[in-house]
Amino acid sequence: MTALALLLAGRPTFVVTADLTADALDVLRDIGEVRLLGWGAHEWFVSEDALRAAVQDAHILIAGYEPVTAGVLDGAPRLRLIGSVRAEPRTNIDVGAATARGIPVLCAPGRTNDAVAEFTLAVILAMARRLVPAVEWMRH
């Protein structure tokens with residue numbers, strides 16, 4: 001049994017609204033139940049009511065971009081941990097409300113650094129080689 005499962009004294013329930021890889025989801029499924037919604041289920045954002053319903057008996061929330069408000073946390077008495085895939089979780093998570101309830105909020109700083117750097121270089125090359133006007137010329 002993993003340390004996380006031992007900490008929660010059983011198989012934890014994960015609610016995942018972030019778009020995680022299949023490998024990451026497999027790791028979570030090995031130690032508990034996984035419920036996907038929102039971006040995690042390849043759908044659009046989840047409403048506050050739908051998120052509140054999903055986390056009402058969950059132990060861990062792995063949040064993408066949905067607002068995790070004090071109201072959502074009020075309806076989640078078993079919630080013990082929030083993981084944010086964003087570098088700055090305060091953007092969509094009421095960290096103060098989570099802290100007041102004793103729920104740690106973890107984040108992933110630097111998660112998109114490589115992608116941002118690659119995109120920046122691609123745009124520089126596209127501008128230097130005038131790719132957008134060339135594509136438009138080809139279309140016409």
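From a predicted model like this one, the values you see are computed outputs, not experimental measurements.
For the atom pair OH (Tyr65) and CD1 (Ile93), the distance works out to 11.5 Å, reported to the nearest 0.5 Å. With rounding to the nearest 0.5 angstrom, the CD atom of Glu66 is 11.5 Å from the CD atom of Glu48. Rounding to the nearest 0.5 angstrom, the gap separating the CD1 atom in Ile60 from the CD1 atom in Ile103 is 11.5 Å. Taking CD of Glu136 as the start and CZ of Arg130 as the end, the distance is 12.0 Å to the nearest 0.5 Å. For the atom pair Ile62 CD1 and Leu28 CG, the distance stands at 4.5 Å (nearest 0.5 Å). Between atom CG of residue Leu37 and atom CG of residue Leu51 there is a gap of 6.5 Å, rounded to the nearest 0.5 Å.
Considering every non-hydrogen atom in both Ala97 and Ala70, the closest pair reads CB-CB, 3.8 Å. Residues Arg29 and Arg11 share a closest heavy-atom pair of O-NH2, 3.4 Å. Smallest separation of non-hydrogen atoms from Arg52 and Gly71: NE-O, 3.2 Å. Looking at every heavy atom in both residues, Pro104 comes nearest to Arg80 through CD-O, 3.2 Å.
Counting only heavy atoms from C-beta outward, the side chains of Val68 and Val105 never approach each other to under 4.5 Å. Residues Ile82 and Leu73 are in side-chain contact: their nearest non-hydrogen atoms beyond the backbone lie under 4.5 Å apart. Residues Phe14 and Ile31 have side chains in contact (heavy-atom distance under 4.5 Å, counting atoms from C-beta outward). Annotation: side chain of Leu36 is in contact with side chain of Leu25 (closest heavy-atom distance under 4.5 Å).
Of the possible donor and acceptor atoms, one in the side chain of Asn92 sits under 3.5 Å from a partner among the backbone N and O of Gly64. Between the Arg35 side chain and the Thr13 main chain, no donor and acceptor come within less than 3.5 Å of each other.
A chain of hydrophobic side-chain contacts below 4.5 Å, direct or via other Ile, Leu, Val, Met, Phe, Trp or Tyr residues, connects Phe119 to Met127. Under the 4.5 Å side-chain heavy-atom criterion for grouping Ile, Leu, Val, Met, Phe, Trp and Tyr, Val85 is connected to Leu106 within one hydrophobic cluster.
The pair Arg101-Asp74 meets the salt-bridge criterion, with a side-chain N (NZ, NE, NH1 or NH2) lying under 4.0 Å from an Asp/Glu carboxylate O.
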